[in-house]
There are 2 protein chains.
Amino acid sequence: MLKSEAIISGQPKASTKQAIERAALSLFAERGYPAVSMREIAERVGIRQGGIYNHFGSKQALLVHLMEGHMRALLVALDASVPKGGNPRERLAQFVRFHVLYHLAQPDDVFIAYMELRSLEADGLARLKELRRAYEERLRRILEAGQRLGVFAITDVPVQAMGLIAMLTGVTTWYRDGSRLSREAVAEIYVTMVMRSLGVEETPTM
Amino acid sequence: MLKSEAIISGQPKASTKQAIERAALSLFAERGYPAVSMREIAERVGIRQGGIYNHFGSKQALLVHLMEGHMRALLVALDASVPKGGNPRERLAQFVRFHVLYHLAQPDDVFIAYMELRSLEADGLARLKELRRAYEERLRRILEAGQRLGVFAITDVPVQAMGLIAMLTGVTTWYRDGSRLSREAVAEIYVTMVMRSLGVEETPTM
DNA sequence: CCACTGCATGAACGATCATTCATTAGCGCA
DNA sequence: TGCGCTAATGAATGATCGTTCATGCAGTGG
């Protein structure tokens with residue numbers, strides 16, 4: 001077979017490895033890691049089952065690769081969007097916008113990273129838990145800063161942080177592109193809800 | 001084998017059918033439907049694999065039975081806890097308390113009902129989606145009532161309803177019994193967050 | 001005391017699973 | 001033109017999957 005044809009349709013420049021990542025990502029997100037077979041992934045890529053093992057050592061390694069790659073990219077993007085210092089209100093609003101928009105842009109990655117922790121074996125699980133903790137820590141830091149300055153009505157930082165993240169992440173379960181509201185409009189609704197839940201009435205703009 | 005011994009340990013009065021339900025529930029919640037085999041379920045119950053088919057026609061039928069049973073019980077319990085009429089603020093607070101406490105009391109049922117929709121075949125899926133919609137509708141009704149009376153700061157009822165349910169349901173992902181806060185204390189924190197997110201400052205008591 | 005019923009058994013079914021591997025094809029580079 | 005490497009093949013591995021079924025036992029009602 002011509003090598004240049006072993007490519008997912010519509011993505012003529014993708015390497016096989018990238019095509020495997022893309023195929024596995026959407027299949028895992030759609031039906032869950034245990035329900036997806038290596039044969040299905042290979043079929044979507046356009047190669048035979050054995051070919052995947054030229055790029056990934058095992059199905060588990062493929063999952064870990066996807067999850068870890070996503071979480072690292074998420075942290076990098078967050079730190080680029082939400083500057084370390086500054087007004088806690090603005091940082092929080094920015095955190096919410098970032099979280100909602102990133103999650104709507106990459107719903108498959110997000111879904112896998114949050115749902116397939118249970119499919120991980122010990123090594124990968126420990127690494128992923130740490131990355132997840134680091135992300136949540138970013139929000140806790142913002143809440144604590146606002147608490148110190150007295151601009152947020154905080155009852156309990158850890159509980160509220162987990163509650164807010166759950167609320168924001170949940171947007172992926174119901175939002176569909178092309179619906180009544182734009183992604184940005186949805187993000188602003190969430191900003192308002194989050195701000196109000198912390199006793200902040202007016203929403204800071206960008 | 002003595003029939004009276006074919007029983008899950010610690011549950012001496014349970015019928016085999018109930019034991020299968022319990023075993024399947026916790027295994028599905030822990031590792032996901034596709035990752036659990038009928039052999040594992042039977043092993044936990046203390047019977048052989050074939051025995052399950054004396055009580056359920058298939059693995060899929062077992063899943064549908066669990067999910068549908070949970071959702072119907074949830075709706076009945078909700079309607080018993082949150083009266084149809086009355087003050088929207090009190091009804092909402094009661095909805096939040098109910099949702100949080102029920103979810104903390106039955107985390108496995110809840111988790112399966114929300115996560116295993118994708119494992120359902122067409123028939124069961126349609127029925128479960130309708131039950132889920134009915135539950136969410138209860139919250140939308142409360143928000144609409146409050147909007148009509150002008151006691152809630154509503155931007156968008158459907159979006160806020162989904163956001164609130166996601167926030168509340170997320171409690172199961174982090175709360176563990178025996179931790180710093182009691183279930184009731186956590187529920188009250190959520191009540192406060194929800195109320196604030198709707199512009200209601202003081203929390204109505206029960 | 002017998003017949004009936006309900007339920008557990010345990011072996012077997014074909015299908016599918018993740019993974020391995022010897023083989024080979026095609027590419028870049030000399 | 002030919003060498004060497006990367007990667008795709010396709011068959012085979014043993015394990016495990018959901019499900020079926022003939023068999024037999026235990027408890028119940030007549």
What is the distance, to the nearest angstrom, from the [atom1] atom on [X] to the [atom2] atom on [N]?
X: B:Glu40; N: D:dT19; atom1: CD; atom2: P; result: 15 Å
X: B:Glu43; N: C:dG10; atom1: CD; atom2: C1'; result: 15 Å
X: B:Leu63; N: D:dT19; atom1: CG; atom2: P; result: 12 Å
X: B:Arg48; N: D:dT20; atom1: CZ; atom2: C1'; result: 18 Å
X: A:Ile47; N: D:dA8; atom1: CD1; atom2: P; result: 6 Å
X: B:Ile41; N: D:dT19; atom1: CD1; atom2: C1'; result: 13 Å

**Message:** Nearest 0.5 angstrom please: A:His70 NE2 to A:Leu131 CG, how far?
**Reply:**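 So the gap between those two atoms works out to 10.0 Å.
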Notebook entry, point to check: Which atom pair, heavy atoms only, marks the closest approach of A:Val96 to A:Ala187?
Noted result: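 Residues A:Val96 and A:Ala187, closest heavy atoms: CG1-O, 4.3 Å.
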Please determine if a side-chain N or O atom of B:Ser37 lies less than 4.0 Å away from the OP1 or OP2 oxygen of D:dT16.
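Answer is no, no contact under 4.0 Å.
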If you draw a 6.0 Å radius around CD in A:Glu184, do more than 12 non-hydrogen atoms from other residues or ligands fall strictly inside?
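Counting other residues, nucleotides and ligands, CD of A:Glu184 exceeds 12 neighbours.
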(message) Other residues, nucleotides and ligands only: do more than 12 of their heavy atoms fall within 6.0 Å of CZ on B:Arg141?
(response)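 Open: at most 12 neighbouring heavy atoms sit under 6.0 Å from CZ of B:Arg141.
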Fill in: Candidates C:dA18, D:dT9, D:dA8 - which lies nearest the side chain of A:Thr16
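Nearest listed nucleotide: D:dA8.
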For this session: Answer whether the closest heavy-atom distance between the side chains of A:Glu43 and A:Ser37 falls below 4.5 Å.
Result: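 Side-chain contact under 4.5 Å: no.
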With a 3.5 Å cut-off and sequence neighbours excluded, list the donor-acceptor pairs that the side chains of residues 60-67 of chain B form with protein atoms.
residue : atom : partner  : partner atom : Å
B:Gln60 : OE1  : B:Glu121 : N            : 2.9
B:Gln60 : NE2  : B:Tyr33  : OH           : 3.4
B:Gln60 : NE2  : B:Ser119 : O            : 3.2
B:His65 : NE2  : B:Glu21  : OE2          : 2.9

- Query: Does B:Lys59 count as lying over the ring of B:Tyr53, i.e. NZ or CZ under 6.0 Å from the six-ring centre, within 45 degrees of the axis?
  - Reply: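 The answer is no, since B:Lys59 fails at least one limit relative to B:Tyr53.
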Let me have the donor-acceptor pairs involving side chains of residues 158-174 of chain A, under 3.5 Å, with sequence neighbours excluded, atom names and distances please.
residue  : atom : partner  : partner atom : Å
A:Gln160 : OE1  : A:Thr155 : N            : 2.7
A:Gln160 : OE1  : A:Asp156 : N            : 3.0
A:Thr169 : OG1  : A:His99  : NE2          : 2.9
A:Thr169 : OG1  : A:Ile165 : O            : 2.8
A:Thr172 : OG1  : A:Thr169 : O            : 3.0
A:Thr173 : OG1  : A:Gly170 : O            : 2.7
A:Trp174 : NE1  : A:Tyr190 : OH           : 3.2

**Q.** Any donor-acceptor N or O pair under 3.5 Å, side chains A:Arg44, A:Ser26
**A.**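 Looking only at side-chain atoms, A:Ser26 and A:Arg44 do form a donor-acceptor pair, the distance falling under 3.5 Å.
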Exercise. Would you please say whether a donor-acceptor pair under 3.5 Å links the side chains of B:Arg91 and B:Gln94?
Key: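 Side-chain D/A pair, B:Arg91 to B:Gln94: absent.
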What bend angle does the helix from C:dC1-D:dG30 to C:dA30-D:dT1 show across its length, from five-pair end axes and to the nearest 10 degrees?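 That helix has its two terminal axes inclined by roughly 10°.
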- Message: Does anything in residues 25-36 of chain A come within less than 4.0 Å of DNA chain D? Heavy atoms only, and list the residues if so.
- Response: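 Contacts with DNA chain D under 4.0 Å: none.
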TODO: Please list, by residue number, the residues of residues 49-60 of chain A whose heavy atoms come closer than 4.0 Å to an atom of DNA chain C; answer none if no residue qualifies.
DONE: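 A:Gln49, A:Gly50, A:Tyr53, A:Ser58, A:Lys59 - these, ordered by number, are the residues of the stretch whose heavy atoms sit under 4.0 Å from the strand.
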*asked:* Pick the closest DNA chain D nucleotide for B:Met38 and for A:Ile20 by heavy atoms, then say which residue is nearer the 5' end.
replied: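 This one resolves to A:Ile20.
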Please enumerate all residues that pass salt bridge (Lys or Arg N to Asp or Glu O under 4.0 Å) together with B:Arg39, with sequence neighbours excluded.
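Once residues adjacent in sequence are excluded, B:Arg39 has no partner under the salt bridge (Lys or Arg N to Asp or Glu O under 4.0 Å) criterion.
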